[in-house]
Colleague: 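Have a look at this one before I ask anything.
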Amino acid sequence: MDPYGNGHVDYRAQPRPDGFFADARPKSPSDLVEYDFDTSPVLKVPGDWNTQRPELLYYEGPLWYRRRFEMAPEPGRRYVLHFEAANYAAKVAVNGVVVGTHEGGFTPFSFDVTSRLRSGANTVVVLVDNTRRREAVPTVMTDWWNYGGLTRPVRLLDLPETFVRDYHVQLARGSKRTVAGWVRLDGPRPAQEVVIRIPEARVEQRVRTGADGRVEFRFDAALQPWSPDAPKLYDIEIAAETDRVADRIGFRTIEVRGTDILLNGTPVFLRGVCAHEEAPLRGGRAWSLEDARTQLGWVKELGGNFVRLAHYPHNETIVREADRLGVLVWAEIPVYWTIDWSDPRPLASARQQLAEMIGRDRNRSSVVLWSVANETPISEPRNAFLRTLIGDARALDPTRLLTAALQARGEGDTHVIDDPIGEQLDVMGNNEYVGWYDGTPEKCDRVSFRSPWNKPLIMSEFGADALAGYRGPAEQRFTEDHQELLYRKQIAMLKRIPFLRGTAPWILMDFRSPRRPLPVIQEGWNRKGLISERGVRKRAFDVLREFYGELLAAPATQR
Ligand code: GCB
């Protein structure tokens, strides 16, 4: 832990060329070296630092990681150091030389370290800094824990000199049988023959990359569509001359027609719930397959077919597990609340995070919605900011639907969803807390929603805090009984919205938030979970499950 950044700036606050990146040890008894990784505390990677040591629970600042390893790099190979995420800013050195930096806490990045590795002992030093900053995305104000560190796996990839850098294999927009995509090779032999194979569908497509390493392709195939009912995945192989990669990919279409969302051409209602990336039971940032299975298992137990992975890109494991289990995903970037819209730095960061999220998950059939923002206050600079993100998302991925969690404008008991950004989106998301921040649960009996945009609406948040096990009269806030009443009233209200095509109440599980100090009840936790952080289901869980059971039984609903 290095709260004053002593490892990279000196006492005049000037950069230190001899900083901790050198991983030095005293060469003689008289040598002054005021740090020592060998005897420093040990942290597990992957994992946030906050939940690993009590003194790190609230820590926000620079922290250093060092890892030594032995290897024998082979000539003609490429070595890439790959981070699935580091929150928030990371600076990486290999054998004392800085190889790169990255900002943004929830998306992957990598550095080619081929020329830096040696035969024998190697050292990697990573400075991770989760200081909240005005110009960062998210900015200083959120309602979640600022878990710091190497929160997801880090790998050293051993690759051929020319390797498959990236690929896109999905159905062409609106088509049920035309697969459209591209492959990109990286390395000194960019022009190669590439074979795309889907053995189960008898696909073997040969293409040639150009001098830029890229090739686009299109072919027809008879493919069983992926859906929550039948999450069919196909083994795919992309075989270039010097490298081959394997993946499991599902094929489905997702479109909007009027106020309907069409999955594989059939209207679907998204029976969902929001989730933070917080580990059930053990606490801290989630990253493992077990975490993903617990969370998605709960979504399934609710009778759900949809999850909103709020408020930033979650780990790739849960998205892949959603592919496998058949759960539709809303994925979002942390453009949240109070970004400084006129500062070019947050815009650049948001664009980068959006591109990195789409780049990672573009082949996941579970992901049907990209969301560009949450509860951002309307203004011309904000609208321009979001329009830029929407333009980027459409250019990067023309196959998926775009949304954002908006906030309606109250006209008495009528809530009007007319945020100008709604016009640019395919699906409107709307967060509302009628009965919690906005009146008492009875208010739900009176409220109605309308919108000038003829588009589907997902109620992307609603809910109430309740402490698991706290019982009392239904008007007593924070009791399970109050939360239960609110869910009943909310559901009755939601059923009256003719253009409603999905619901994602806030939230699956209680999560840590420094904004929630209420003693006894909150103790640093946002208690709007349907399940406590210890896995206890609250009464509202059953209310939502009943509602989703009813929807499942309704003939027009696709499961
Ligand atoms: C919201 C936010 C969410 C908060 C939630 C709450 O509107 O989008 O991040 O945690 O309300 O509990 O207040």
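Quick caveat: nothing in here was measured; it's all calculated off a predicted structure. Whatever order the structure lists them in is the order used to number ligands and atoms, beginning at 1.
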Colleague: Using a strict threshold of under 4.0 Å (side-chain N to carboxylate O), is an ion pair present between Glu484 and Arg539?
Modeller: yes
Colleague: Only counting residues at least two apart or in another chain, list the ones meeting side chain to side chain donor-acceptor pair (under 3.5 Å) with Arg320.
Modeller: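 For Arg320, the residues satisfying side chain to side chain donor-acceptor pair (under 3.5 Å) (neighbours in sequence not counted) are Asp247, Glu316.
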Colleague: List the residues meeting side chain to side chain donor-acceptor pair (under 3.5 Å) with Glu255, not counting sequence neighbours, and say none if there are none.
Modeller: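 Counting only residues at least two positions away or on another chain, Glu255 forms no side chain to side chain donor-acceptor pair (under 3.5 Å).
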Colleague: Answer yes when Arg133 and Glu60 have at least one side-chain N-carboxylate O distance shorter than 4.0 Å, and no when they do not.
Modeller: no
Colleague: For ligand 1, would you mind listing the residues that have at least one heavy atom less than 4.0 Å away, ordered by chain and number?
Modeller: Asp143, His311, Tyr336, Asn374, Glu375, Asn431, Tyr433, Tyr437, Glu461, Trp506, Phe511, Arg516, Asn526, Lys528
Colleague: Hey, what do you get for CD1 (Ile421) to OG1 (Thr403), rounding to the nearest 0.5 Å?
Modeller: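 Atom-to-atom, Ile421:CD1 and Thr403:OG1 are 11.5 Å apart.
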Colleague: Return the set of residues passing side-chain contact (heavy atoms from CB on, under 4.5 Å) with Pro441 (not counting sequence neighbours), or none when no residue passes.
Modeller: His482, Leu485, Leu486, Lys489
